[in-house]
Amino acid sequence: MLVTGGAGFLGSHLCDRLIEQGHDVLCVDNFYTGTKDNVAALFASPYFELVRHDITFPLYIEVDSIYNLACPASPMHYQHDPVQTTKTSVHGAINMLGLAKRVGARILQASTSEVYGDPSVHPQKESYWGNTNPIGPRSCYDEGKRCAETLFFDYHRQHQLSIKVARIFNTYGPRMHPNDGRVVSNFIIQALQNAPITIYGDGSQSRSFCYVDDLVDGLLRMMETGPGLTGPINLGNPHEFTISELARKIIDLTNSNSELSYKPLPSDDPRQRCPDIARARSELGWEPKVDLAEGLATTIAYFEEQLREGRWRSIGGR
Ligand SMILES: NC(=O)c1ccc[n+]([C@@H]2O[C@H](COP(=O)([O-])OP(=O)(O)OC[C@H]3O[C@@H](n4cnc5c(N)ncnc54)[C@H](O)[C@@H]3O)[C@@H](O)[C@H]2O)c1
């Protein structure tokens, strides 16, 4: 099994689970946002290999399955080098699809709810085509991921490749970057430091948050389906919270003295985002099981430990 972006947040949890299941795992990462620390516990396994490689360049190896997760996922990181972000999604997809074609591997794409842009329908079903801005600061990510989906479906139609496209919604858990501006990690760190919690906009915009173990379970189930199932399939938690509710929950769970501080909403920030997971339920028998309080407690414990040990990582993750 090849996991690109395997040293990142989701990828490292996926590597853990694949090793647990007894697979031979090759983790490929250029450490742009991922770190060796995330997979260090796997180095002891003879069935785990880590390769430093940028997927915008071809890769010649032999594998049965490819999980293509490589791509910075937070706006702060993907906007740092937007040209590289588009290259990672587009050239990366071409290279990994080319590899899958050459060795006859099945390939799963970690796509995103961002393909729906600022959606005009709610909740989002897979049949919705999205409302994206092609020239804004988020476009390198959104349009890159949309183009990657196009490539996956064209390789499927043109070369009969066995593809799986998962549209991942906001996911959180241990090993999220402490400083990448994503809402859950931001709020937890601010709460743990009793600093003001920054809310962009009035806090009434809603989000749904899926715990990482549930998400990885969805990816594994999807890869195990027969060639007839291509997706796209939404994977996320349909239970909605407003950003203000999330902030208050985190303040409660951390016993923090933090107050809420409101700032203007960045451009292109979606007002509302929530998956319709009917397809995941019927095709994969999947739905999230971990509730927000339980998932937040584990995530808070992780960040407390990071903070205690002074393990802060900066952009680039090195
Ligand atoms: N976490 C979420 O909420 C979420 C939501 C939707 C989609 N996704 C998708 O899931 C995937 C993983 O996201 P994540 O949250 O784990 O992010 P992450 O930034 O922690 O992980 C991405 C990994 O890809 C690596 N990478 C980036 N560019 C690369 C390149 N050119 N070659 C090789 N490796 C490269 C990074 O170093 C990192 O280890 C991404 O494709 C992301 O778009 C994540």
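When a ligand or atom number is given, it counts from 1 through the structure's own listing order.
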Review point. Does L69, backbone or side chain, put an N or O under 3.5 Å from an N or O of ligand 1?
Key: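 N/O-N/O distance below 3.5 Å exists for this pair.
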Check your understanding: Should V28 be counted as touching ligand 1, given the test is an N or O pair under 3.5 Å?
Key ->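 No, since none of the N or O atoms of V28 sits under 3.5 Å from an N or O of ligand 1.
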Per-atom contacts, ligand 1 versus [X] - under 4.0 Å to a heavy atom:
X	answer
G8	20 (O), 21 (O), 38 (C), 39 (O)
G34	36 (C), 37 (O), 38 (C), 39 (O)
Q84	31 (N)
H177	19 (O), 20 (O)
F31	37 (O)
K145	40 (C), 41 (O), 42 (C), 43 (O)
Y32	37 (O)
G5	23 (C), 24 (O), 25 (C), 39 (O)

Close approach of [X] to ligand 1, heavy atoms, under 4.0 angstrom:
X	result
S111	yes
G92	no
H77	no
N170	yes
K87	no
Y141	yes

Can you tell which of [options] gets a heavy atom nearest to [atom]?
atom	options	value
atom 13 (O) of ligand 1	P72, A73, A166, G144	A73
atom 1 (N) of ligand 1	R182, E114, M176	R182
atom 10 (O) of ligand 1	N68, L10, T85, V3	L10

Would you confirm whether [X], through its side chain, and [Y], through its main-chain N or O, come within 3.5 Å as a donor-acceptor pair?
X	Y	answer
S256	S258	yes
H156	L161	yes
R146	V115	yes

Point to revise | Rounded distance (nearest 0.5 Å) linking atom OG1 of T132 with atom CD of E114 | key: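 Answer rounded to 0.5 Å: 10.5 Å.
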Point to revise | From CD (E245) to CD1 (I250), nearest 0.5 Å | key: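 So the CD of E245 and the CD1 of I250 are separated by 12.0 Å.
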Salt bridge present between [X] and [Y] (N-O < 4.0 angstrom):
X	Y	answer
R207	E240	no
E62	R102	yes
R248	D252	no

Exercise for review: Please report the closest heavy-atom contact between P123 and D276, naming both atoms and the distance.
Suggested key: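 Looks like CB-N, 4.0 Å.
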Practice item. Identify, for atom 22 (C) of ligand 1, the protein heavy atom at the shortest distance, and state residue, atom and that distance. Key: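 Atom 22 (C) of ligand 1 sits closest to the protein heavy atom C71 O, 3.2 Å.
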Check your understanding: For atom 26 (N) of ligand 1, what's the nearest protein heavy atom and its distance?
Key ->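 Of the protein heavy atoms, N30 OD1, 3.3 Å lies nearest.
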Exercise for review: Decide whether E287 and N237 meet the rule of one side-chain donor and one side-chain acceptor closer than 3.5 Å.
Suggested key: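 Per modelled atom types, E287 and N237 side chains form no pair under 3.5 Å.
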**Study point:** K101 NZ/CZ over Y155 ring centroid, <6.0 Å and within 45° of normal
**Key:**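 Because its charged atom misses either the 6.0 Å distance or the 45° angle limit, K101 does not stack over Y155.
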Check your understanding: Stepwise, does the side chain to side chain contact (heavy atoms under 4.5 Å, CB included) test hold for K289 with E294?
Key -> CA-CA 10 Å; K289 295 196 164 51; E294 188 187 344; over 6 Å; no
